[in-house]
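To start, the structure itself, in structure tokens.
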Amino acid sequence: MPDATLSNVVTRPLVTPYATGTYNGAESIFASGDTVNLNLSKQVDLMSAAQSGVPQYSLLSNEALSLVFTKSVAGQLTAQFSLNVTAAVNITQPDGTTNPFNSNLSIQGTATFTPEGKVCHIDYKGGWCGADLGCDGSQGLPHGTISLDSAATSYAFSDPGAYGYAALVIANNAVTTSSTGAQAPDPALAAAGAHALILGASALEHFFSSSSEDPVQGYGHADADVLRAMGGAALTMIAAPDDQDAAVAAVVAATVAGARLALIDGLAAYDVAAHAPPVSVGPLSLGAPGDILLG
């Protein structure tokens with residue numbers, strides 16, 4: 001691959017009868033040989049209208065990914081990555097009161113993907129993995145094996161009626177260190193916030209999806225999967241605050257979702273750099289002026 005340095009900034013407004021909001025993305029890509037360095041940030045602000053029994057809610061999501069991505073001659077993909085995702089949800093009840101819910105996921109790790117002709121499995125030992133990584137040739141990765149080689153993860157949620165945290169260290173595809181804690185004086189209130197996060201993740205994927213292979217251009221299924229896993233981890237911890245195994249399994253699911261996102265975005269950045277001019281500095285494309293959707 002020719003060396004390349006690229007940068008891109010994207011802003012996409014949204015106006016529909018069902019939701020309004022703004023997507024902002026920024027990336028820088030530096031390619032040298034078979035290695036690509038990617039710094040990618042995404043911020044999405046969404047306000048959903050009340051409909052079909054679902055109260056009005058807002059979601060502010062911030063995602064920051066930094067990675068070194070390498071593609072070998074044999075096609076194996078390796079991503080050394082640091083991912084931080086925060087989500088702030090506010091649910092507006094019919095009486096005007098609001099229910100805020102916040103969640104944060106931070107991962108530093110290394111993941112590899114080995115393409116295979118027809119076989120798909122997850123190389124994650126220790127009995128902790130309950131995540132659907134979708135390595136069946138869909139959603140950005142071909143058939144193959146995903147291996148989470150190492151990771152250090154912390155996860156937390158907070159709500160007026162609850163707080164929780166979990167932290168774990170993974171080595172040799174197994175959890176080696178874990179700690180958890182959760183308290184929910186009002187589990188229903190806390191769970192409502194986590195459910196709104198999961199609902200909001202699907203809305204972001206729907207309203208800000210992109211047909212471009214460039215990861216900065218929109219919010220994809222892998223991005224939404226991370227938020228859904230964060231909401232799922234909160235629900236698990238709220239339902240069983242004393243079950244450390246269940247909490248760790250839920251955070252592992254979020255960890256592998258983050259690893260999968262890193263691999264998909266790394267592959268996308270690699271392909272963007274591979275098709276760039278030999279030396280390119282500045283915006284690749286600002287895309288369309290914005291997505292104004294009216295129905």
Side-chain angles (χ1 to χ4, degrees), residues 8-27 40-64 85-105 134 138-140 157-161 188-235 257 261 264-265 268 283 285-295:
N8 201 358
V9 176
V10 175
T11 298
R12 298 174 58 188
L14 171 75
V15 179
T16 79
Y18 314 105
T20 59
T22 305
Y23 168 88
N24 292 288
E27 73 177 348
L40 175 66
S41 65
K42 300 181 182 183
Q43 182 183 77
V44 192
D45 192 352
L46 182 76
M47 174 66 74
S48 174
Q51 52 184 312
S52 302
V54 178
Q56 178 182 341
Y57 69 88
S58 66
L59 170 60
L60 176 63
S61 174
N62 283 279
E63 177 184 309
V85 182
T86 62
V89 177
N90 276 285
I91 304 172
T92 302
Q93 304 296 344
D95 62 1
T97 60
T98 60
N99 173 23
F101 178 86
N102 300 284
S103 183
N104 174 262
L105 176 71
S138 65
Q139 303 165 7
F157 71 87
S158 62
D159 185 275
L189 188 68
H195 280 297
L197 174 57
I198 294 171
L199 182 65
S202 297
L204 297 186
E205 180 185 5
H206 172 72
F207 286 118
F208 294 107
S209 62
S210 173
S211 59
S212 171
E213 296 301 321
D214 189 345
V216 78
Q217 294 289 343
Y219 200 88
H221 189 78
D223 301 283
D225 275 349
V226 174
L227 285 183
R228 282 188 280 259
M230 290 166 65
L235 290 173
L261 172 63
I264 288 174
D265 283 355
S285 167
L286 292 181
D291 295 341
I292 309 299
L293 307 178
L294 301 178

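All of these numbers come straight from a predicted model, not from anything done at the bench. Heavy-atom basis, side chains included; hydrogens, waters and symmetry copies ignored.
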message: How long is the straight-line distance from CG of Asp45 back to CG of Asn62, given to the nearest 0.5 Å?
response: 9.0 Å
query: Shortest non-hydrogen contact from Ala222 to Leu261?
result: CB-CD1, 3.7 Å
statement: All heavy atoms of Pro17 vs all of Ala49, minimum pair found to be O-CB, 4.0 Å
- prompt: Would you call Phe157 and Leu197 a side-chain contact if the rule is heavy atoms closer than 4.5 Å?
  reply: no
field: Between CD on residue Glu63 and CD on residue Gln43, distance to nearest 0.5 Å
entry: 11.5 Å
- line: In terms of heavy-atom contacts, Ala229 and Ala257 come closest through CB-CB, 4.4 Å
query: Are side-chain N/O atoms of Asp95 and Thr97 paired as donor and acceptor at under 3.5 Å?
result: yes
- request: Using a cut-off of 6.0 Å, state whether more than 12 heavy atoms not belonging to Glu213 lie near its atom CD.
  value: no
- prompt: Closest approach of Gly200 and Tyr57, non-hydrogen atoms and distance?
  reply: CA-OH, 3.5 Å
field: Nearest non-hydrogen partners of Gly193 and Asn99, listed with the distance
entry: N-ND2, 4.0 Å
field: Flag side-chain contact, heavy atom, 4.5 Å: Leu204 against Asp223
entry: no
- prompt: Is the shortest heavy-atom distance from the side chain of Thr92 to the side chain of Thr98 under 4.5 Å?
  reply: yes
Donor-acceptor contact present, side-chain Arg228 to main-chain Ala201, <3.5 Å: no
query: Looking at Ser48 and Gln56, what are the two nearest heavy atoms and their distance?
result: O-CG, 3.0 Å
Residue pair Val10 / Tyr23, side-chain heavy-atom distance below 4.5 Å: yes
Gap between atom CD1 of Ile91 and atom CZ of Phe101 - 0.5 Å precision: 9.0 Å
- prompt: Going from OH on Tyr18 to CG on Leu46, what distance comes out if it is rounded to the nearest 0.5 angstrom?
  reply: 14.5 Å
message: Could you check whether any side-chain heavy atom of Leu227 comes within less than 4.5 Å of a side-chain heavy atom of Val85, counting everything from C-beta outward?
response: yes
query: Where the side chain of Lys42 meets the backbone of Val216, is there a donor-acceptor pair that is under 3.5 Å apart?
result: no
statement: Rounding to 0.5 Å, atoms OG (Ser209) and CD (Gln217) come to a distance of 12.0 Å
- prompt: Do the side chains of Asn102 and Thr86 get nearer than 4.5 Å, heavy atoms only?
  reply: no
